[in-house]
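Some notes on the structure that comes next.
Naming: A, B, ... by sequence-line order, numbering from 1 per chain. Here the structure is a predicted model, which means the values were calculated and not measured.
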2 protein chains.
Amino acid sequence: MVVDQTSDAGVDRIFHALADGTRRDILAFAVGGRYSVSELAKRYPMSFAAVQKHVAVLEGAGLITKERRGRERLVRTDVDTVQKARVLLDGIEELWRVRVDRIDDLLATEKRITGGER
Amino acid sequence: MVVDQTSDAGVDRIFHALADGTRRDILAFAVGGRYSVSELAKRYPMSFAAVQKHVAVLEGAGLITKERRGRERLVRTDVDTVQKARVLLDGIEELWRVRVDRIDDLLATEKRITGGER
DNA sequence: CTGATCTACAACCATCTGGTTGTATGATAG
DNA sequence: CTATCATACAACCAGATGGTTGTAGATCAG
């Protein structure tokens with residue numbers, strides 16, 4: 001499946017996929033290697049089909065890729081997409097730092113105009 | 001409202017709140033200062049009540065805080081919670097780096113055992 | 001070939017989501 | 001006091017979500 005992660009809808013899909021504990025666990029687990037859907041399903045107290053759906057959501061968001069090996073589908077975390085989400089959050093934090101710097105500048109300017117304290 | 005962002009449910013709430021373009025926009029906008037809900041609502045093509053709900057979701061996730069000023073409620077982004085989400089994604093990327101390093105080690109060991117190429 | 005395993009997918013269901021409108025309350029302006 | 005503004009919240013609705021069971025196709029083991 002080809003996935004667009006750059007559009008707004010793509011970002012929606014990424015964060016929505018991350019908004020579930022089971023999916024975050026699959027993501028963190030499958031970053032350590034390749035696992036079949038069955039192997040993943042054994043780790044959770046729900047049906048195979050439910051895990052399969054979670055995997056589909058992760059794949060739809062581009063957070064994992066599937067590779068065929070015989071009758072199995074090996075799941076692997078796509079760290080690039082995780083990074084994409086992380087960078088978006090970095091951007092917000094950066095906006096905040098810029099704002100704080102700007103406030104510091106204003107305060108400094110104010111000080112100069114009023115003569116400062118020395 | 002007091003919010004738990006550390007539990008699994010708390011993390012769910014954070015990422016779910018981030019999985020909507022309007023909410024991400026509010027978050028990025030309100031990192032630049034304090035804005036009343038009405039001021040925020042003017043920026044989006046939907047009812048005041050709809051924006052109010054988005055703000056409530058962000059507040060429930062701990063991504064914003066509200067401060068009372070007269071009849072207004074001033075919304076401000078809580079960068080600490082944004083950072084918390086970012087750190088979680090950092091963790092996954094870190095797992096990946098650890099794994100890659102381990103593979104490199106294995107390959108290096110393999111080389112030594114088989115004699116390597118020099 | 002036959003049976004077992006892995007995956008895919010449809011149908012169903014309760015609950016949640018994201019929007020709407022309408023009503024109520026509190027604070028400000030005149 | 002009255003009217004207006006900012007907010008809160010309930011009720012409602014269509015569609016999505018997260019689980020279930022059941023069925024069917026592909027591949028592997030013997």
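- Residues meeting the side-chain contact (heavy atoms from CB on, under 4.5 Å) test with A:Y44, sequence neighbours left out: A:T22, A:D25, A:I26, A:M46, A:V51.
- Nearest approach of A:I92 to B:L27, heavy atoms of both residues: CD1-CD2, 3.9 Å.
- In this model, the phosphate group of C:dA8 is approached by a side-chain N or O of A:K66 to a distance below 4.0 Å at OP1 or OP2.
- Taking all atoms of both residues into account, the shortest heavy-atom contact from A:A85 to A:F15 is O-CZ, 4.0 Å.
- For the helix from C:dC1-D:dG30 to C:dG30-D:dC1, the rotation axes defined at the first and last 5 base pairs enclose an angle of 30°, given to the nearest 10°.
- Here the closest non-hydrogen pair linking A:R99 and B:G33 is NE-N, 3.9 Å.
- Remark: side-chain polar atoms of A:T81 are paired, donor with acceptor, to backbone N or O of A:G62 under 3.5 angstrom.
- Evaluation of the side-chain contact (heavy atoms from CB on, under 4.5 Å) rule for B:L95 yields A:A28, A:V31 as partners, not counting sequence neighbours.
- Under 3.5 Å, the side chain of A:Q52 and the base of C:dA8 form at least one donor-acceptor pair of N or O atoms.
- At a threshold of 4.0 Å, the pair B:E67-B:R34 counts as salt-bridged, since one of the basic side-chain nitrogens sits closer than that to a carboxylate oxygen.
- Annotation for B:D78 and B:T65: closest pair OD2-CG2, 4.3 Å, computed over non-hydrogen atoms.
- Close to C:dA8, at under 4.0 Å from its OP1 or OP2, lies a side-chain N or O of A:R73.
- In summary, A:R86 and A:D90 engage in a salt bridge, as defined by a charged side-chain N under 4.0 Å from a carboxylate O.
- A salt bridge does not link A:K84 with A:D80: every distance from a Lys NZ or Arg NE/NH1/NH2 to an Asp or Glu carboxylate oxygen is 4.0 Å or more.
- Under a 3.5 Å cut-off, the side chain of A:R13 and the backbone N or O of A:L58 do not form any donor-acceptor pair.
- In this structure, CZ of A:R13 is placed 13 Å from P of D:dA16, rounded to the nearest angstrom.
- Counting to the nearest Å, the C1' atom of D:dG18 and the OH atom of A:Y44 are 16 Å from each other.
- Residues from residues 31-41 of chain B lying near DNA chain D, meaning a heavy-atom separation below 4.0 Å, are B:S36, B:V37, B:S38 in numerical order.
- Applying a 4.0 Å cut-off to non-hydrogen atoms, none of the residues of residues 14-30 of chain A approaches DNA chain C.
- The nearest whole Å value for the distance from the NE2 atom in B:H54 to the P atom in C:dG18 is 7 Å.
- The shortest non-hydrogen separation linking A:A41 to A:F48 is CB-CD1, 3.8 Å.
- When rounded to the nearest whole Å, the span between CG of A:D12 and C1' of D:dG15 equals 15 Å.
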### Query
What string of B, S and - do you get for nucleotides 20-30 of chain C, 5' to 3', if B is base contact, S is sugar-phosphate-only contact and - is no contact with any protein heavy atom under 4.0 Å?
BB----SBS--
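- For A:R23 (side chain) and A:A17 (main-chain N/O), a donor-acceptor pair under 3.5 Å exists by modelled atom type.
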